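Step one of this worksheet: look at the structure below.
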Amino acid sequence: MTYRAHRASWRNIVEEQDDREDDQTEEGDDLESLGWFHDNLSRHAAEALLLTNGQDGSYLLRTSDSNANVYSLSVRAKDSVKHFQVFQCGTTVKFGFNEFLSVKDFIQHFANQPLIGSESGTLILLKYPYPRSVEEPSIYESVRVHTAMQTGRSEDDLVPVAPSLGTKEGYLTKQGGRVKSWKTRWFTLARNELKYYKDQLFSISSEDVLPLRKDWGRSR
């Protein structure tokens, strides 16, 4: 079996909901009934999921980490993930400055207007809802050799460690390489790669990539 994630557009979802309209119940007018709602998914896990398995425009809905009864729309925008709050009170859904009388109206709005803008000025196009249920491969490797090497470590030494996958971006001030003047540039941090651009829209050059160093956090 091969790994396959079913993708659809906002318009596809609306058409599927129209086909089920006669059988729709009050429970179906709830955000958590959507096929791309992920329960108990943290912000960190959502970023890892979309950056690893998604693509530009992939998105999902999850419960907010910080606020009860609030949802977060997590959207992949190139090499970063943006998060937007979504509120639901009864059947009414509030997103940004807009209010929708039902979940169906909420989805219908994005079927016709899938482009949203963040506070930083970034424009994001919602393309692919990331499904809650994804078919996983059933292929496993067979253990042929179990090495007799001993490390002397015990169970207490097995401490789970993982670097943060969160991405950051914003304006910072940097000193020029040849002309030692300070200039404001747009920086993006994605995993272990730091890049900077003249502004948000235009890259200075493909060589403006700064390797991360362990001593950057020290005072100079």
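These numbers come from a predicted model, not from an experiment.
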Looking at residues at least two apart in the chain, or sitting in another chain, which of them share a side chain to side chain donor-acceptor pair (under 3.5 Å) with Asp105?
Ser102
Roughly how far apart are [X] [atom1] and [Y] [atom2], rounded to 0.5 Å?
{"X": "Leu60", "Y": "Arg76", "atom1": "CG", "atom2": "CZ", "answer": "12.5 Å"}
{"X": "Thr91", "Y": "Asp30", "atom1": "OG1", "atom2": "CG", "answer": "10.0 Å"}
{"X": "Thr188", "Y": "Tyr196", "atom1": "OG1", "atom2": "OH", "answer": "12.0 Å"}
{"X": "Lys78", "Y": "Ile124", "atom1": "NZ", "atom2": "CD1", "answer": "11.0 Å"}
{"X": "Leu34", "Y": "Arg132", "atom1": "CG", "atom2": "CZ", "answer": "8.5 Å"}
{"X": "His38", "Y": "Ser133", "atom1": "NE2", "atom2": "OG", "answer": "8.5 Å"}

Would a hydrophobic clustering, with Ile, Leu, Val, Met, Phe, Trp and Tyr connected at side-chain separations under 4.5 Å, put Leu126 with Phe106?
yes
If you look at every heavy atom in [X] and [Y], which pair is closest and at what distance?
{"X": "Phe95", "Y": "Gln85", "result": "CD1-O, 3.6 Å"}
{"X": "Asp65", "Y": "Ser42", "result": "OD1-CA, 3.6 Å"}
{"X": "Ser74", "Y": "Leu50", "result": "O-CD1, 3.6 Å"}

Given a cutoff of under 4.5 Å between side-chain heavy atoms of I, L, V, M, F, W and Y, with clusters grown through shared members, what are the other residues clustered with Val179?
none
Other hydrophobic cluster members with Phe97, side-chain heavy atoms of Ile/Leu/Val/Met/Phe/Trp/Tyr under 4.5 Å, chained?
none
Can a donor-acceptor pair be found, under 3.5 Å and without considering hydrogens, that links the side chain of Gln88 to the backbone of Leu31?
yes
Are any side-chain N or O atoms of Ser58 and backbone N or O atoms of Gln55, one a donor and one an acceptor, separated by less than 3.5 Å?
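Yes: the side chain of Ser58 pairs with the backbone of Gln55.
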Just one of Tyr59, Tyr71, Tyr130 clears the ring pair (Phe, Tyr, Trp, His ring centres under 6.0 Å) bar with Trp36, so which one?
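Testing each of Tyr59, Tyr71, Tyr130 against Trp36, the sole residue satisfying ring pair (Phe, Tyr, Trp, His ring centres under 6.0 Å) is Tyr59.
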Any side-chain heavy atom of [X] within less than 4.5 Å of one from [Y]?
{"X": "Val86", "Y": "Leu61", "value": "yes"}
{"X": "Glu99", "Y": "Val93", "value": "no"}
{"X": "Val81", "Y": "Val75", "value": "no"}

Sequence-distant partners of Asp56, salt bridge (Lys or Arg N to Asp or Glu O under 4.0 Å), two or more places apart:
none
Set of ring pair (Phe, Tyr, Trp, His ring centres under 6.0 Å) partners for [X], sequence neighbours left out:
{"X": "Tyr171", "answer": "Trp186"}
{"X": "His109", "answer": "Phe100"}
{"X": "Phe84", "answer": "none"}

Enumerate the salt bridge (Lys or Arg N to Asp or Glu O under 4.0 Å) contacts for residues 32-43, please, sequence neighbours excluded, ordered by first and then second residue.
Arg43-Glu47
Determine which pairs satisfy salt bridge (Lys or Arg N to Asp or Glu O under 4.0 Å) with at least one residue from residues 81-97, sequence neighbours left out, and list them in order.
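Sorted result for residues 81-97: Lys82-Glu169.
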Apply side chain to side chain contact (heavy atoms under 4.5 Å, CB included) to Tyr197 and Arg185, showing your working.
CA-CA 6 Å; Tyr197 307 94; Arg185 293 290 183 261; over 6 Å; no
For the residue pair His83 and Ser72, confirm or rule out a side-chain donor-acceptor distance under 3.5 Å.
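Side-chain D/A pair, His83 to Ser72: absent.
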Starting from the C-alpha separation in whole Å, work towards a yes-or-no answer on side chain to side chain contact (heavy atoms under 4.5 Å, CB included) for Phe187 and Lys195.
CA-CA 6 Å; Phe187 279 77; Lys195 299 180 181 179; over 6 Å; no
Partners meeting side chain to side chain contact (heavy atoms under 4.5 Å, CB included) with Leu115 (sequence neighbours left out):
Leu123, Leu125
Mind checking side chain to side chain contact (heavy atoms under 4.5 Å, CB included) for Gln175 and listing every partner two or more places apart, or none if nothing turns up?
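Testing Gln175 for side chain to side chain contact (heavy atoms under 4.5 Å, CB included), a comparison that skips the adjacent residues, returns Lys180, Trp182.
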